[in-house]
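One is the number of the first residue; the rest follow in order along the sequence.
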Amino acid sequence: MRIIAVVIAVLALAGCVRIVPDARPPVSAPRPAPTPAPTSTPVAPMVAAGPSVASLGIGAEDARSALASFIESCPRLVGRTDASTLTTGTDWRAVCDTARAWPASDAVRFFTTEFETARLGDGKTFVTGYFEPEILASRTRRVGYDQPIYGMPRDLVRDPNWTGDGRAPLGKVTPEGFVPYDTRAEIMAGSLLPPGTPLVFEPGAPEMVNGGRAPVLAWAADPAEFFFLQVQGSGLLRLPDGSVMRIGYAGQNGRGYVGIGALMRTRGLIGEGPGQYPGSMQGILRYIRENPEAGRALMNENPSWVFFQENRGDGPLGSLNVPVRAGSSVATDPLHIPLGAPVWLDVDRSEVDGLWIAQDTGGAIKGPNRFDTFWGNGPEARVIAGGMSARGEALLLLPRGVLARLLAR
């Protein structure tokens with residue numbers, strides 16, 4: 001919510017991506033689509049009782065913001081199927097009803113009285129970060145703004161004749177039959193624009209984009225910055241008049257993701273030696289800017305492309321279809337952590353320590369103790385998320401009574 005690619009150093013180096021390679025209809029939720037329900041029951045990790053919530057030492061402000069995010073999640077939490085199989089909507093109904101009437105000034109007591117903690121597996125966690133990037137763009141094409149930001153293509157479909165397991169692959173129907181959809185390199189070469197549309201804006205040239213295979217929402221000034229916005233899955237467009245347009249995930253071309261940071265590492269481009277670059281988003285961007293042709297070719301080695309839609313809400317939407325909030329929302333693996341549940345992180349980065357609400361997912365976020373924290377937008381968020389790599393302990397908070405059932409099964 002998938003809000004955002006922005007690529008974090010660890011994910012870039014590992015060749016991971018936050019975008020779930022799936023598409024959903026162009027609805028209001030723009031972050032990565034929720035992980036599809038598994039075809040078989042997930043194997044739950046060992047569940048053990050954790051310490052009392054009161055012993056965690058939750059701060060008042062931390063609890064207040066977590067309570068607000070939890071309340072936003074409740075309508076989805078009580079009405080959806082928990083893919084982790086740990087809880088049901090009924091388990092959350094009473095605590096959600098209580099939350100709505102609970103005074104924010106006493107939020108710490110809400111969590112200490114209504115929840116108990118569970119440790120999943122060994123509880124050892126690895127935490128990264130993501131944020132909502134801001135890039136320069138224009139709603140209309142003009143000099144210096146040549147990178148199309150596409151909405152969902154009209155011809156992107158799932159294989160109508162698919163008979164295999166799982167969801168049918170994404171692609172397009174041609175006279176020769178169903179084929180995979182255009183790659184990043186093909187899209188960058190203008191395959192979605194009307195034939196004859198110049199890739200570089202020519203003042204006075206007629207506008208041709210409306211007849212293309214996909215609508216153009218806006219035009220970005222910097223293809224590299226837009227690339228990282230795609231990795232995040234949502235972002236802010238700073239328009240020439242100073243106003244802001246928020247865009248979010250609408251779908252993806254069905255092509256597999258290739259982490260360009262991993263490619264750079266295998267080629268000896270990342271490191272601390274002469275001619276090498278830091279393994280962070282900033283370092284990768286520097287390489288692309290200092291080596292324009294090689295940088296463009298490198299980005300095109302990732303065939304995945306993310307399509308967007310305009311989001312008029314007050315924040316990027318996560319996979320739970322509610323806004324993700326800086327310092328309160330975290331992406332988790334929904335096969336292990338119920339989406340909407342509170343989690344407690346105690347790691348070697350103090351800014352991460354505290355309560356978070358599971359409101360998002362990500363293609364690289366796998367396992368019961370893997371978390372990706374959301375930091376909002378702006379320069380500070382970019383720095384924190386871009387360098388986030390923390391290890392420590394994680395606890396899942398469950399409504400009182402649920403843990404006893406889990407331990408008995």
#### Entry: S84 side chain to D82 side chain, donor-acceptor N/O pair below 3.5 angstrom
yes
### Query
Measuring from R213:CZ to L192:CG, what's the distance to the nearest 0.5 Å?
5.0 Å
### Message
Tell me the closest heavy-atom pair linking T117 and P51, and the distance in Å.
### Response
OG1-O, 2.5 Å
### Query
What class does the angle between the rings of F110 and F70 fall in, given that below 30° is parallel, 30 to 60° is tilted and above 60° is perpendicular?
tilted
### Task
Could you pull out the closest heavy-atom pair between G151 and A214, with the gap in Å?
O-CB, 3.7 Å
### ring-ring contact (aromatic ring centres under 6.0 Å, His included) partners for F371, two or more places apart
none
### From T87 atom OG1 to L77 atom CG, the distance as rounded to the nearest 0.5 Å
6.5 Å
### Query
Should R139 and D241 be marked as a salt bridge (Lys or Arg N to Asp or Glu O under 4.0 Å) after you check the CA-CA gap, both sets of side-chain angles, and the distance that decides it?
CA-CA 11 Å; R139 288 185 181 270; D241 63 0; over 6 Å; no
### Message
I need the L339 CG to N321 CG distance, nearest 0.5 Å.
### Response
11.5 Å
#### Entry: From CD1 (I365) to CG (D360), nearest 0.5 Å
9.0 Å
### Message
So which atom in V322 and which in S73 form the shortest heavy-atom distance, rounded to 0.1 Å?
### Response
CG2-OG, 4.1 Å
### Query
Charged N to carboxylate O under 4.0 angstrom, R382 versus E134?
no
### Query
Is the closest side-chain donor-acceptor distance between R370 and T128 under 3.5 Å?
yes
### Query
Cut-off 3.5 Å, side chains only: do E290 and Y277 have a donor facing an acceptor?
yes
### Query
Going by an N to O cut-off under 4.0 Å, is there a salt bridge joining E393 and K124?
yes
## Note on the structure
Output for pair (K172 NZ, D159 CG), nearest 0.5 Å, gives 14.0 Å
### Query
What heavy-atom pair brings V352 and V127 nearest, and what distance separates the two atoms?
CG1-CG1, 4.1 Å
### Query
If every non-hydrogen atom of P399 is compared with every non-hydrogen atom of V95, which pair is closest and at what distance?
CG-CG1, 4.1 Å
### Minimum heavy-atom distance between I270 and R265, given as atom pair plus value
CG2-NH2, 3.8 Å
### Query
Can you find a heavy atom in the side chain of I187 that is under 4.5 Å from one in the side chain of Y150?
yes
### Donor on one side chain, acceptor on other, E186 and S191, under 3.5 Å
no
### Query
From L67 CG over to W102 CH2, what is the distance, rounded to the nearest 0.5 angstrom?
9.5 Å
### Task
Could you go through the side-chain contact (heavy atoms from CB on, under 4.5 Å) check for I288 and I260 one step at a time?
CA-CA 11 Å; I288 293 171; I260 63 174; 4.3 Å; yes
